[in-house]
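Below is one structure; the comments refer to it alone.
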Amino acid sequence: MAFGWIDEQAAARRRAGLVRTLRPRPADSPLLDLASNDYLGLARHPEVVAGAAAAARTWGGGATGSRLVTGTTELHTRLERELAEFCGFEAALVFSSGYAANLAAVTALAPHGSLIVSDAGNHASLIDGCRLARGTTQVVAHADPDAVRKALGTHEGPAVAVSDTVFSVDGDAAPLAGLAEACREHGAGLVVDDAHGLGVLGTGGRGAPQAAGLAGADDVVVTVTLSKSLGSQGGAVLGPARVVEHLVNAARTFIFDTGLAPASAGAALAALRLLGREPERAARAREVATGLHARLTAAGLEAVRPDAAVVSVRAPSPEEAVQWAADCRAAGLFVGCFRPPSVPDGISRLRLTARADLSEEQIERAVRVIGGTRP
């Protein structure tokens with residue numbers, strides 16, 4: 001029977017406690033949200049919503065075509081210019097998603113005969129980019145510049161090292177300065193995904209590369225998403241102008257994909273300008289993360305010390321992690337639940353988002369619920 005193997009895989013997932021279910025949320029959910037990636041609390045900010053609405057009224061509901069045909073509006077180029085300036089890079093290129101931006105950066109910068117050195121903890125989009133690239137991929141130990149250095153030393157020819165700046169599961173930061181040094185010793189490029197750093201790390205939220213002194217470097221390319229700290233949708237690649245020009249001509253997820261919807265571009269631009277006026281939001285997100293970690297560990301829970309806005313709490317098993325998250329929801333708290341294969345080390349976790357707009361009372365409430373429902 002066609003697709004009969006799907007039933008076997010579904011049964012295996014049920015036995016392993018790994019079945020995933022869509023849970024549509026209402027517009028006015030009563031749950032305290034510590035599950036989304038809305039780090040700065042901007043997704044519903046009046047200025048951001050107004051930016052989306054104004055763009056939709058001006059440009060329509062969709063981009064109408066690929067960026068190289070009709071999908072580039074004046075709004076897209078304005079967003080690219082201001083995003084590059086904010087983060088300290090020469091140029092930027094906007095994509096329909098952060099996932100598409102990562103696929104573009106990795107595949108277009110790793111031609112046949114090249115080497116890609118990929119961190120073992122990288123996001124799925126970077127992993128998929130490595131799989132689709134024509135270069136050879138070598139996976140190295142997590143957050144280990146010496147491992148990157150050793151891998152690069154085995155190859156002659158074009159090479160790039162690829163890493164998240166902040167890893168999405170545990171919230172730990174990559175040693176960017178050390179990675180850049182290892183790459184420069186071998187003439188390799190560095191491609192980093194700053195999805196969880198933009199808006200949280202760096203001066204006023206300018207990102208982890210800026211904090212590490214790598215912004216604007218001619219051997220560093222950065223990808224970002226517009227769907228986390230900026231509360232919108234889409235992604236971008238930042239870097240030297242010649243790299244961006246190369247992506248326009250070589251990146252398949254740019255050339256063949258419909259452009260980012262104008263409403264998303266308008267929302268992201270409004271959020272970026274708001275962050276520029278209110279840089280304290282970035283510091284507040286980090287403060288909330290630190291506070292959550294301190295309270296959780298004081299309550300006897302095993303939480304990973306956060307380097308940005310992600311706080312990870314270990315769970316005994318996938319089944320208990322699912323039940324723990326469900327018990328939190330029943331108590332009015334929405335938390336993320338990460339299980340294999342989303343976590344490469346096989347350790348299931350609750351994943352908490354330290355949003356800048358959380359009050360002290362909400363933080364205390366979250367800790368009480370998590371502690372009170374622990375397996």
message = Any salt bridge linking E90 with R81? Criterion: basic side-chain nitrogen under 4.0 Å from a carboxylate oxygen.
response =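 Looking at E90 and R81, the cut-off is not met.
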Tell me whether [X] contacts the main-chain N or O of [Y] through its side chain, where contact means a donor paired with an acceptor under 3.5 Å.
| X | Y | answer |
| --- | --- | --- |
| R314 | S312 | no |
| R67 | V94 | yes |
| R374 | G371 | yes |

I'd like to check [X] versus [Y] (side-chain heavy atoms, cut-off strictly below 4.5 Å). Are they in contact?
| X | Y | value |
| --- | --- | --- |
| L190 | V160 | no |
| L226 | L79 | yes |
| V117 | L152 | yes |
| V224 | L238 | yes |
| L109 | H246 | yes |
| Y39 | T353 | yes |
| L68 | V248 | yes |
| W59 | E74 | yes |

request  = Test S29 against D33 for side-chain contact (heavy atoms from CB on, under 4.5 Å), laying out the working first.
outcome  = CA-CA 9 Å; S29 173; D33 176 20; over 6 Å; no
Which residues share a side chain to side chain contact (heavy atoms under 4.5 Å, CB included) with R134, sequence neighbours left out =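 Result, side chain to side chain contact (heavy atoms under 4.5 Å, CB included) vs R134: H112.
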request  = With sequence neighbours left out, write down each residue that passes side chain to side chain contact (heavy atoms under 4.5 Å, CB included) with A43, or none if nothing qualifies.
outcome  =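 A43 satisfies side chain to side chain contact (heavy atoms under 4.5 Å, CB included) with D38 once adjacent residues are dropped.
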Taking only residues two or more places apart in sequence, or in another chain, which ones meet [X] in a salt bridge (Lys or Arg N to Asp or Glu O under 4.0 Å)?
| X | result |
| --- | --- |
| R184 | D219 |
| R277 | E47 |
| R286 | none |
| R25 | none |

task = For residues H142 and F167, establish whether the separation of their ring centroids is below 6.0 Å.
result =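 Yes: the rings meet the under 6.0 Å criterion.
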Check: N37/R355 side-chain N/O donor and acceptor closer than 3.5 Å =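 There is no such pair between these side chains.
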ask   = Taking atom types as modelled, is there a side-chain donor on D327 or Q323 under 3.5 Å from an acceptor on the other?
value =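 Distance-only check passes for D327 and Q323.
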Can you list every pair that meets side chain to side chain donor-acceptor pair (under 3.5 Å) and has a residue in [range], with sequence neighbours left out?
| range | answer |
| --- | --- |
| residues 120-132 | Y99-D128, N102-S125, S118-N122, H123-S125, D128-R131 |
| residues 224-243 | T225-S227 |
| residues 263-273 | E82-R273 |

inquiry  = Would R20 and R339 count as a side-chain contact (heavy atoms from CB on, under 4.5 Å) here? Give the steps.
reply    = CA-CA 10 Å; R20 285 158 169 77; R339 299 166 287 156; 3.4 Å; yes
Do other residues, nucleotides or ligands put more than 12 heavy atoms under 6.0 Å from [X] [atom1]?
| X | atom1 | result |
| --- | --- | --- |
| E280 | CD | yes |
| E320 | CD | yes |
| R44 | CZ | no |

inquiry  = Which Ile, Leu, Val, Met, Phe, Trp or Tyr residues join V69 in one cluster when any pair of side-chain heavy atoms under 4.5 Å counts as a link?
reply    =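 ILVMFWY cluster around V69 holds nothing else.
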ask   = How does the hydrophobic cluster around I363 look, that is, which other residues are in it when side-chain heavy atoms under 4.5 Å mark a link?
value =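 Direct or chained contacts put I363 with L32, L34, V288, L292, L296, L301, V311, V313, W324, L333, V335, L350, L352, L358, V367, V369, I370.
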task = Could you pull out all residues at least two apart from H45 that satisfy ring pair (Phe, Tyr, Trp, His ring centres under 6.0 Å)?
result =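 None.
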request  = Write down the atom of L83, the atom of A236, and the distance for their closest heavy-atom approach.
outcome  =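 Shortest heavy-atom separation between L83 and A236 comes out as CD2-CB, 3.6 Å.
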